[in-house]
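Since this is a predicted model, take the numbers as computed values, not measurements. Here is how names work: the chains are called A, B, and so on, in the same order as the sequence lines, proteins then strands, and each is numbered from 1.
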Amino acid sequence: MKILCCVKRVPAPGAKINVTADGMDVDAAHLGFTTSPHEECGVEGAIQLKEEHGGEVTVLTLGPGDAEEQLRYAASVGADHGVLIATDGTAYDPQRTAAAIVEAVEELESAEGGDGTEDGEFDLILFGNESADAGGFQVGIRVAHALGRPIVQGIKGIEVGDESITARREIDGGFEVYELPRPAVLGVKEGLNLPRYPTMKGRLASKKIEIQSMEVDADEGGQSRVRLHRPEEQISETVILGEGPEAAAAVVDVLEELGVL
Amino acid sequence: MLLVVLEHERGELVEAACEALTFGRVLAAKMGEDLEAALIGSDDDALVAAAGEYGAETVHTCTHDVLSDYGPDAYGAVVAQMVESLSPEAVLACGSDRGNEIMAQAAARLGSPFVANCKDVTPGDAWSMTRVQWGGSLLEDTAIDADVALLSCGLHTVAAEPGGAQNADAEEFEAALDESHAITIVKDRVVQEAGVTLPTAPVVVGGGRGVGSEDGFAQLEALAELLGGRVGCSRAVTNLGWRPHSDQVGQTGTRIAPEVYIASGISGAIQHWVGAMASKHILAINTDREANMVVKADWAVIADLHEVIPAITEEVKRRRG
Ligand SMILES: Cc1cc2nc3c(=O)[nH]c(=O)nc-3n(C[C@H](O)[C@H](O)[C@H](O)COP(=O)(O)OP(=O)(O)OC[C@H]3O[C@@H](n4cnc5c(N)ncnc54)[C@H](O)[C@@H]3O)c2cc1C
Ligand SMILES: Nc1ncnc2c1ncn2[C@@H]1O[C@H](COP(=O)(O)O)[C@@H](O)[C@H]1O
């Protein structure tokens, strides 16, 4: 089975997020980069399905050239191919992101393989439920709709059958089950699985895979950023109750006061 | 007109629907427009009346075979068709899993922008809004250029409050639906746990990498049980396989809101903090006085959690006698 995973490169901030002077971006000068945990689970899920059913996993990202790092990471844990849709580094709005991904998918699905056969369509396309930074909750749905394929969001369990895909999503105190015809699209959440760490061998192999670069023309969507800013912080004076186990009495005084004893 | 999409479950409006109506009431007043609602998959009088208590004047009800249970395709298609035939200026849902999913489905069909998880909305010729990024660690001011403003308000951005009571009229909406819309529909439901869950626990005893091992959590379990609470954890802990993901607090885990969160061995990264910040009180236990969790807490103990937590447990037992 052929599986495509869409991941987005985002900065990995620590205790707080700083914004650039013009307010248009996260100040990532001293930060590492990563993808959303949801998307990491998507990649792991795809690799597990490949291990169980055979096939191949392609990972796609739209972003600056540096986003190759996220594709190579995915390759180091078992993805077979990487595709990078280059942007000029500015933030695309959700409609534009989706339009670009749709174009890329159509091109990938109609491309001829090295053996002269058509590569054919992806049986399953995986998105994160939401991107870590923008959190638009929509790119996957827009792509699925444009491709005319079913999608369900919030997925924490996937089983693949010959004709259909069964997907589970959490609800209050339980879960719902959906059955989608193939080919299908899913928006997955962290908790789907526990992503593996790359092995040394995987890391070496990932350096050698070829990253396919694509350029696509996608129209701007209808949403535009004005500025980013931090929410107001409630600053509290921390009362230090002690520096060792003898603070236990003071802690229990607090619990008593709060009425949770 | 502002159209609010109502989420309902087992014959009742869910909390998120009441939040959307409360948020929508203020927005409709700013717009100088009527507040109306969309009730998909039901035409229950009790639900219509409940929407009226939150200020909806008219409730557009839509029932059909393919709407007998929840399905994102069918629900999104109905919202898109309502936009086309009722011509609202704006459509609002609550940014719950379903709310955001339905709105994105409708937006994809209409080819319009959709702005998820707004905190504040300014209507006008050009609409602008402040929305949540990074799960709440950052805000984005954004603007849209569209014929209809498709929005969701962040979950728990406002507290649900009845107001502007109306004797809401029910109006049947005839949607063009067929079997193709049933492509994604809930096929089965599994109920798992009852009792105290992480999102509703009055006390959460959280553990991070500082707990040191899977076994180290036994001390946290003992204290949580004694206090009628639950154990939570950081992502470092789930990644190490010490606890299941269902215990994870944060941006990609659970949002908690206990009376008190006892956060031990957790540094307080922003992605953890956004899941913990709705706690009414925070008590941090950490060896590092400068840890973000300590700085942001109401109280802190600067010490090894493995010494402090058993001592707290003993003290609680002693006082209870
Ligand atoms: C997009 C994204 C989403 C994320 N989502 C989440 C999320 O949902 N939830 C989440 O938690 N994280 C999330 N993270 C990860 C987050 O950035 C941090 O890596 C993580 O929260 C760190 O966990 P920690 O505090 O347990 O570990 P550390 O940061 O390693 O902190 C350990 C702490 O334990 C203290 N300590 C050590 N030993 C002891 C001892 N004996 N007694 C007392 N204290 C001790 C140390 O002083 C330190 O403060 C996300 C990251 C990204 C990029
Ligand atoms: N720039 C991007 N490149 C690749 N995938 C993306 C990009 N932006 C969003 N996605 C995918 O779409 C999902 C939803 O994104 P969003 O609508 O921004 O919340 C993410 O979890 C990713 O899987």
* Of all heavy-atom pairs between B:Thr252 and A:Glu190, which one has the smallest distance, and what is that distance? -> OG1-OE1, 2.6 Å

* For chain B, which of A:Ala247, A:Gly154, A:Pro150, A:Pro37 has the most heavy-atom pairs under 4.5 Å? -> A:Pro37

* Structure fact -> Turns out that what part of B:Ala107 lies under 4.5 Å from chain A's heavy atoms comes down to both

* For chain B, which residues from residues 249-261 of chain A have at least one heavy atom closer than 4.5 Å to it? -> A:Ala249, A:Val251, A:Val252, A:Asp253, A:Val254, A:Leu255, A:Glu256, A:Leu258, A:Val260, A:Leu261

* Side chain from CB out, backbone as N, CA, C, O: work out which of these in B:Thr197 comes under 4.5 Å of a heavy atom of chain A, or both, or neither. => neither

* Asked: Which region of B:Ser112, side chain (C-beta onward) or backbone (N, CA, C, O), has a non-hydrogen atom less than 4.5 Å from a non-hydrogen atom of chain A, or is it both or neither?
  -> backbone

* Asked: For B:Thr142, which of A:Arg227, A:Gln223, A:Arg225 qualifies under side-chain hydrogen bond (donor to acceptor under 3.5 Å, both in side chains)?
  -> A:Gln223

* With distance as the sole test, does B:Arg189 use its side chain to make a donor-acceptor pair with the main-chain N or O of A:Gly174 at under 3.5 Å? -> no

* Any donor-acceptor N/O pair, B:Gln251 side chain to A:Ala132 backbone, under 3.5 Å -> yes

* Asked: What pair of heavy atoms forms the shortest contact from B:Ala104 to A:Gln138, and how long is it?
  -> CB-CB, 3.8 Å

* B:Arg235 vs A:Glu40, salt bridge (Lys or Arg N to Asp or Glu O under 4.0 Å): CA-CA, chis, key distance, verdict -> CA-CA 13 Å; B:Arg235 180 166 181 252; A:Glu40 271 181 33; 3.5 Å; yes

* Residue part contacting chain A, namely of B:Arg109, when any heavy atom lies under 4.5 Å -> both

